[in-house]
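First comes the structure, then the notes that go with it.
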Amino acid sequence: MIGKQQQKSISALSHNSVFVNIAEYAVLFGIGILAILLHARLRTPLNIPGHHGLEFMAILMAGRVVSKIKWASSISSLGIGFILLFPVFGFKDPFMGFNYMLPGLLIDIFYNLTRQLKGQMLILSLIAGFAYFTIPLSRLFIHALTGYPYSSFLKFGYFIPVVNYFFFGLAGGIFGAGISLAIKNKIRKIK
């Protein structure tokens, strides 16, 4: 009798953990969708390259900090790529999926390399800044390879977009990591 009850409770726990894992993957995928949809909907004519890094990197970094999954931001990048398969959001850049999936992958690579420092705001912010600044770098590469014209390079040259993307990504990383770390510390204190 006792053995059967113990087996049932272990089985129930494993079913619960599978459900929790599936839910976490779905939330991370949804975070990527949210990040790119906000980018599509918040089209403000500020004429400042990279200003969407504030919300974009805040969302991706928050998901990365909260999740225990090793490749959390890459899963969010899959959500970004999925949404960009549909041409209804007004993006005209045929390489946008590639450009905007790169930061999630790089967040995970840098985050996993600096795992022992993962609770430090400066490290997390720098990771976000460097990850977001790969967007103009990949655009420069695409522009050199294909000649595809990017308006930010035509208006501002090459230096200003790269620097702006870094600093807006850094600011978004500070915001996303800061809120996530504060919430995690509050939860730890409650337990």
Side-chain angles (χ1 to χ4, degrees), residues 10-43 50-91 96-121 123-135 165 168-191:
I10 290 172
S11 176
L13 285 175
S14 68
H15 288 302
N16 286 342
S17 68
V18 167
F19 177 73
V20 167
N21 286 340
I22 290 171
E24 187 170 357
Y25 280 98
V27 167
L28 290 169
F29 193 82
I31 283 172
I33 291 171
L34 174 67
I36 202 66
L37 286 179
L38 278 176
H39 181 59
R41 302 307 284 166
L42 298 176
R43 297 245 176 151
H51 68 277
H52 285 291
L54 287 171
E55 78 271 359
F56 189 82
M57 292 311 290
I59 292 168
L60 284 184
M61 188 53 77
R64 171 64 273 171
V65 170
V66 171
S67 180
K68 292 179 182 169
I69 296 173
K70 187 175 183 177
W71 297 100
S73 295
S74 298
I75 295 166
S76 297
S77 288
L78 291 175
I80 293 166
F82 173 74
I83 282 298
L84 290 175
L85 288 175
F86 304 100
V88 295
F89 298 105
F91 296 120
M96 189 157 183
F98 171 74
N99 291 332
Y100 278 83
M101 288 175 71
L102 262 179
L105 177 63
L106 289 172
I107 286 172
D108 282 338
I109 290 169
F110 291 138
Y111 186 84
N112 291 327
L113 286 174
T114 60
R115 202 154 214 164
Q116 66 276 11
L117 304 171
K118 67 182 177 184
Q120 294 186 8
M121 279 292 298
I123 299 298
L124 294 172
S125 303
L126 287 172
I127 288 171
F130 282 116
Y132 196 62
F133 126 114
T134 60
I135 292 172
Y165 270 78
F168 280 114
L170 181 83
I174 290 169
F175 186 63
I179 289 174
S180 300
L181 290 172
I183 290 171
K184 282 176 86 171
N185 287 337
K186 287 280 188 190
I187 290 171
R188 243 185 252 133
K189 288 178 183 177
I190 292 171
K191 290 181 181 181

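In this text, all values refer to a predicted model and were calculated from it rather than measured experimentally. Numbering of residues begins at 1 and proceeds along the displayed sequence.
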Looking at every non-hydrogen atom in both residues, tell me the closest pair between [X] and [Y] and how far apart they are.
X	Y	answer
Ser67	Leu28	OG-CD1, 3.7 Å
Ser125	Gly173	OG-C, 4.1 Å
Lys68	Glu24	N-OE2, 3.3 Å
Arg64	Ser73	CB-OG, 3.3 Å
Gly104	Ser77	CA-OG, 3.2 Å
Ile80	Tyr100	CD1-O, 3.6 Å

Return the [atom1] to [atom2] distance between [X] and [Y], rounded to the nearest 0.5 Å.
X	Y	atom1	atom2	answer
Glu55	Arg41	CD	CZ	13.5 Å
Phe56	Ile36	CZ	CD1	5.0 Å
Leu170	Ile127	CG	CD1	11.5 Å
Asp108	Leu113	CG	CG	10.5 Å
Leu60	Ser74	CG	OG	10.0 Å

Report yes if the side chains of [X] and [Y] come closer than 4.5 Å at any heavy-atom pair, otherwise no.
X	Y	result
Met101	Phe82	no
Ile107	Met57	yes
Tyr25	Ile69	yes
Asn112	Trp71	yes
Phe175	Leu54	no

Checking Leu181 against Leu124 for the side-chain contact (heavy atoms from CB on, under 4.5 Å) test, could you report, in this order, the C-alpha distance in whole Å, the side-chain angles of both residues, the deciding distance, and whether it holds? CA-CA 10 Å; Leu181 290 172; Leu124 294 172; 3.8 Å; yes
Would you call the rings of Phe168 and His51 parallel, tilted or perpendicular, where under 30° means parallel and over 60° means perpendicular? perpendicular
Among Leu78, Ile83, Leu38, the one residue meeting side-chain contact (heavy atoms from CB on, under 4.5 Å) with Ile33: Ile83
